[in-house]
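We name chains A, B, ... by the order of the sequence lines, and we start the count at 1 in each one.
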Amino acid sequence: MKEYNHKTIEKKWQSEWEKNKIYFASSKSKKSKFYGLIEFPYPSGDGLHVGHPRPYIGMDIISRKKRMEGYNVLYPMGWDAFGLPTENYAIKTGIQPKIVTKKNTDTFRRQTKSLGVSFDWSREINTTDPSYYKWTQWIFLQFFKKGLAYKAKSEINWCPKDKIGLANEEVVDGKCERCGAETIKKEKEQWMLAITKYADRLDKDLDLVDYPERVKLSQRNWIGKSEGSEIEFKVKNFNEKIKVFTTRADTLFGVTYVVLAPEHELVQKLKSQISNWSEVEKYINTVKNKSDLERAENKEKTGVELKGVLAINPANDEGVPVWIADYVLPHYGTGAVMAVPAHDERDFLFSKKYNLPIKRVVEPIFIQTEGDGAVRENLPFIKRNAICAIVRNPKTDKYLCTSWKNYHMHGLVTGGVEKGEDPIETALREIYEETGYKNVKLVKDPKFALHSQFYHRVKKENRWARFQYFFFELIDEEQDTISDKESALHEVVWKTKDEIKTFFTVIEGQFTHNFINNPNYIYTGDGLLHNSLKFDDLESGETRKEITEFVGGKIVTKFKLRDWVFSRQRYWGEPIPVINCEKCGLVPVPDKNLPVKLPEVKSYKPTDTGESPLAGISKWVNIKCPKCGGKAKRETDTMPNWAGSSWYYLRYTDVKNKKEFASKANLKYWLGNKAQGGGVDWYNGGMEHTTLHLLYSRFWHKFLYDLKLVPTVEPYKKRTSHGMILGEGGVKMSKSLGNVVNPDEIVKIYGADTLRVYEMFIGPFEEAAVWNTDSIIGARRFIEKVWRIGEKVLKQKNSFGVTLPGVLGGTHTAANSSIPKLLNKTIKKVSEDIEAMRFNTAISAMMILATEMEKSNNVDVNDFKKFLKILAPFAPHVTQDIWSSLKEKKDINISEWPKYDEKLIKDEEIKIVVQVNGKVRAEMMIEVDVDDEKVKNLAKNDISVLKFIGDKEIKKIIYVKNRLVNIVV
RNA sequence: GCCCGAGUGGCGGAACUGGUAUACGCGCACGACUUAAAAUCGUGUCUCGCAAGGGAUGUGGGUUCGAUUCCCACCUCGGGCACCA
């Protein structure tokens with residue numbers, strides 16, 4: 001018997017595949033195409049760790065299956081090689097990034113190839129290759145020519161110690177990633193890309209793509225679309241207006257002050273009006289100098305009133321004070337807000353700190369829809385002003401409650417306000433009438449009310465009560481007897497705060513309980529308006545538009561998304577291909593001069609002034625203007641490393657094209673011809689890229705679509721994500737923790753096929769999984785088992801000698817073998833599981849099949865071959881090796897995916913379970929699809945079932961077709 | 001603080017649309033083969049109980065004939081966002 005030797009097998013077939021180009025994707029084919037994509041890696045100096053290949057293998061399995069299903073498959077690979085680690089390495093060692101990159105990509109390529117991933121290596125790309133970044137620069141210039149790439153002063157993160165600008169991702173907890181110094185904000189001219197121009201489409205078009213919901217959600221949150229209103233407040237006795245943005249125009253009548261961002265331009269214009277200018281100026285300066293860390297640590301809101309300035313609320317012409325505060329951001333909305341402390345958490349905190357008034361204008365509403373207190377549909381509502389008294393006994397710390405005798409109704413003391421009566425009087429009167437307590441004092445009027453709609457069971461009418469809430473305390477426990485009328489209705493009970501929680505049965509009970517716990521509660525939800533003139537009693541959500549129009553405001557949409565800071569003062573990135581001419585201003589580098597290649601420099605360190613090291617090469621920087629021939633300088637900023645990855649999937653379709661970034665024909669073939677519903681068929685990547693890379697590349701793609709350079713509105717039709725592989729201990733694999741597992745070792749000891757199977761078996765593909773080297777042996781045993789079955793089948797074949805005519809393989813097993821049935825079920829399961837990326841359960845099913853095949857003493861060769869085929873995407877080397885020993889000429893990896901036989905999958909006899917009161921008591925075999933009544937009869941007469949029924953009466957028998965019978969007694 | 005995701009044996013995990021909870025794998029125990037070991041194969045392996053039977057899917061409630069699955073509240077862990085009006 002031949003031993004399984006993964007080393008020779010894997011080497012042999014990998015070189016066969018390379019020689020025969022079996023994974024080569026032709027762009028000219030009549031077959032339907034499938035474009036599968038994984039995120040190309042950044043080739044770090046550490047080489048691959050076992051986490052890297054998880055997505056490669058997952059998509060490889062899908063690609064291999066698609067190939068076997070007859071698709072023309074494009075599954076490419078490349079390197080996203082611009083980036084900081086390489087540059088930092090260059091700074092430290094002086095070795096050229098180009099050379100380091102070459103070395104690293106060689107390692108990554110060798111390692112990836114050793115896993116037998118079916119990439120089409122003829123399409124390999126590298127973002128640092130001038131023939132690639134020529135087109136990155138070219139696309140940038142299209143942005144520039146359309147005015148979407150522009151220079152602007154922008155705040156950047158600045159490390160005062162290293163004297164360099166840092167990208168957001170280089171700032172960790174407000175500190176410089178490299179030296180640990182606190183970063184500060186510094187204004188600098190930066191290149192920007194106007195992604196905000198596409199914000200709405202980036203949000204809306206998520207409806208067109210097949211992404212996981214959570215990916216769509218986090219993109220939507222990141223884009224942060226919100227519909228609201230812009231409303232203008234006049235400044236009293238001054239010819240300026242304050243424009244605020246709000247999503248809650250309905251709360252306009254509750255505005256008690258207005259806040260501007262300290263950076264707001266109006267602040268300077270109002271200088272002459274402000275009586276405390278020196279204080280204001282001082283505050284503006286403190287905010288300006290605040291570092292990110294200080295801002296993050298100190299969440300307490302601060303601000304200064306602009307004394308002498310009053311804003312006029314357009315809704316009621318009331319004058320309200322104007323403040324500046326750093327909780328208002330200059331970049332969002334209009335940089336100014338109307339503060340409604342009663343209905344906004346932040347305004348509330350601020351108002352509490354500075355003692356600003358609170359005015360409630362939205363009152364919650366509760367509608368009883370269940371039980372006998374549910375509102376009756378056909379009755380009109382009788383409106384009542386009412387009170388709800390929260391009475392505490394300070395001696396016992398309990399609350400006065402009433403419990404109705406004829407209804408299941410528990411609540412507080414409530415009652416209607418009589419004509420001309422003061423609500424507090426009402427409350428005192430009701431407390432006395434309902435409970436007899438004589439000496440009660442008001443301790444707090446929270447100026448809070450809520451609406452409750454219910455059916456009044458005593459008065460037999462629909463009530464719409466507006467309950468005003470008051471807090472009382474007993475002065476003493478002196479109590480008169482309650483009238484017979486009242487005591488017939490309800491009794492008096494005292495409850496603790498905790499008891500109240502479950503005691504109240506009225507619809508607003510939970511809310512009341514929360515209110516008692518937090519009398520300063522502010523309500524941020526929707527409800528009915530109050531103190532809002534003609535809008536009183538209207539549903540707040542429905543008045544937003546009306547109120548906006550009422551004050552001459554505008555309905556607008558705002559986004560959280562900000563324009564993309566696109567320049568880095570770094571060496572190792574694509575030079576921005578723009579020339580700064582003294583006469584002509586910013587001039588794009590002419591197409592014929594692209595790419596602007598990175599020159600060689602002596603030092604890779606950024607300059608002291610914060611400029612990129614390129615600024616130090618005067619020979620490169622100083623140039624003649626391509627337009628006027630005059631004196632000019634090159635841009636020395638480079639692009640961020642998101643640039644190259646924003647369009648790489650397009651280049652894969654046509655890697656060698658020198659005239660275009662990719663030909664129209666190839667793009668049409670691989671992305672599809674229709675604007676909607678096309679793109680890369682399946683893109684798998686990490687969750688960490690959902691808001692940056694994924695959004696950025698969608699933005700670039702849409703821009704290119706508008707230029708009619710790509711055929712589809714979206715780059716990716718379907719997106720899935722893989723979970724990380726964590727090191728032992730459940731933490732991220734990292735060099736510093738020493739828990740990095742190198743795939744080379746695993747491949748050497750166990751083989752690529754074992755590694756592949758193990759990584760796919762480790763757990764659900766989308767979830768993080770903990771690497772455990774001890775468990776790999778299971779995958780290896782499975783492969784060896786398959787090998788042994790192969791040896792057995794070969795021997796079987798040999799002993800029979802010749803093939804019997806008419807029966808392929810010639811060794812047809814007895815009809816009673818269970819294998820064909822199991823095989824067909826397994827084919828079905830594996831086919832479906834691969835599509836859903838449930839690789840772990842697919843492998844589990846194949847393990848079961850393998851165990852059965854090994855046990856069986858006569859396995860049909862054709863059955864075994866089918867098994868090999870469905871296993872091939874997971875373990876391509878070993879399956880191909882066995883396949884070829886079975887005298888198959890064509891490679892298994894381009895053979896046909898097996899179909900399953902529907903008839904074989906159906907069981908004729910099936911086990912069903914009999915339950916009595918939901919507990920399993922017996923099992924029985926029945927024929928599939930037998931008549932319901934027959935099964936029920938069988939079940940209730942089963943001996944072990946009878947034992948449990950005893951002499952009890954059978955109330956109900958539930959039969960779930962072909963599954964179970966439940967007898968309820 | 002807010003938004004997502006997840007809590008199932010000693011461990012990784014399975015369970016389709018509400019229908020036998022713990023498939024498959026690792027580990028462990030015992031047995032077979034072997035001079036022996038490894039490898040392989042077989043049997044067992046949630047828990048209490050001699051058994052009959054009972055109890056377990058983070059906790060507490062609810063809906064249901066029946067809940068890992070649906071609803072409510074809470075706890076723990078992981079990830080993201082962080083004053084976005």
Do the side-chain N or O atoms of [X] get closer than 4.0 angstrom to the phosphate oxygens (OP1, OP2) of [N]?
X        : N     : result
A:Arg921 : B:G53 : no
A:Arg838 : B:A23 : no
A:Ser218 : B:C81 : no
A:Tyr332 : B:A85 : yes
A:Arg788 : B:U40 : no

Checklist outcome for this item: The residue, A:Gly763 or A:Gly918, whose nearest nucleotide of RNA chain B is more 5′ is A:Gly763
Next on the checklist: On RNA chain B, does the nearest nucleotide to A:Glu923 precede the nearest nucleotide to A:Ala336 from the 5' side, or the other way round? Give the residue.
Outcome noted: A:Glu923
In plain terms, say whether [X] and [Y] are close enough for a salt bridge, that is, a side-chain N and a carboxylate O under 4.0 Å apart.
X        : Y        : result
A:Glu784 : A:Arg780 : yes
A:Glu230 : A:Lys558 : yes
A:Lys828 : A:Glu832 : yes
A:Glu300 : A:Lys353 : yes

Checklist entry - About how many Å separate NZ of A:Lys2 and CH2 of A:Trp787, when rounded to the nearest 0.5 Å? => result 4.5 Å
Name the nucleic acid region contacted by [X], choosing base, sugar-phosphate or nothing; use a 4.0 angstrom heavy-atom cut-off, strictly under.
X        : result
A:Ser844 : base
A:Lys828 : nothing
A:Ser226 : sugar-phosphate
A:Asp347 : nothing
A:Ile777 : sugar-phosphate
A:Lys911 : base
A:Ile958 : base
A:Glu688 : nothing

What nucleotide, of [options], holds the atom closest to the side chain of [X]?
X        : options             : answer
A:Ser775 : B:C26, B:A14, B:C3  : B:C26
A:Glu854 : B:C24, B:C4, B:C41  : B:C41
A:Phe948 : B:G53, B:C4, B:A85  : B:G53
A:Asp774 : B:C26, B:A85, B:G54 : B:C26
A:Thr246 : B:A21, B:C4, B:A85  : B:A85
A:Arg781 : B:G54, B:U40, B:U20 : B:U40
A:Val328 : B:A85, B:C83, B:C24 : B:A85

Item to check | Near-strand residues of residues 959-969 of chain A, defined as heavy-atom separation under 4.0 angstrom from RNA chain B | outcome: A:Val960, A:Arg963, A:Leu964, A:Asn966, A:Val968
Checklist entry - Taking the six-membered ring for Trp, are A:Tyr521 and A:Phe511 ring centroids under 6.0 Å apart? => result yes
Checklist entry - So A:Tyr696 and A:Trp564, would you call those rings parallel, tilted or perpendicular, with 30° and 60° as cut-offs? => result parallel
Checklist entry - Does NZ or CZ of A:Lys919 fall inside the cone over A:Phe948's six-membered ring, less than 6.0 Å from its centre and within 45° of the axis? => result no
Pairing nucleotide - [N], Watson-Crick or G-U, each distance under 3.5 Å:
N     : value
B:C2  : B:G80
B:C28 : B:G44
B:U59 : B:A73

Checklist entry - Counting only N and O atoms by type, is there a donor-acceptor contact under 3.5 Å from the side chain of A:Arg921 to the main-chain atoms of A:Ile949? => result no
Checklist entry - What's the NE2-P distance between A:His343 and B:A85, to the nearest Å? => result 17 Å
Next on the checklist: With a 3.5 Å cut-off and heavy atoms only, can you find an N or O donor on one side and an acceptor on the other between the side chain of A:Lys956 and the base of B:C65?
Outcome noted: no
Checklist entry - Syn or anti: how is B:G9 classified when any glycosidic angle within 90° of 0 counts as syn? => result syn
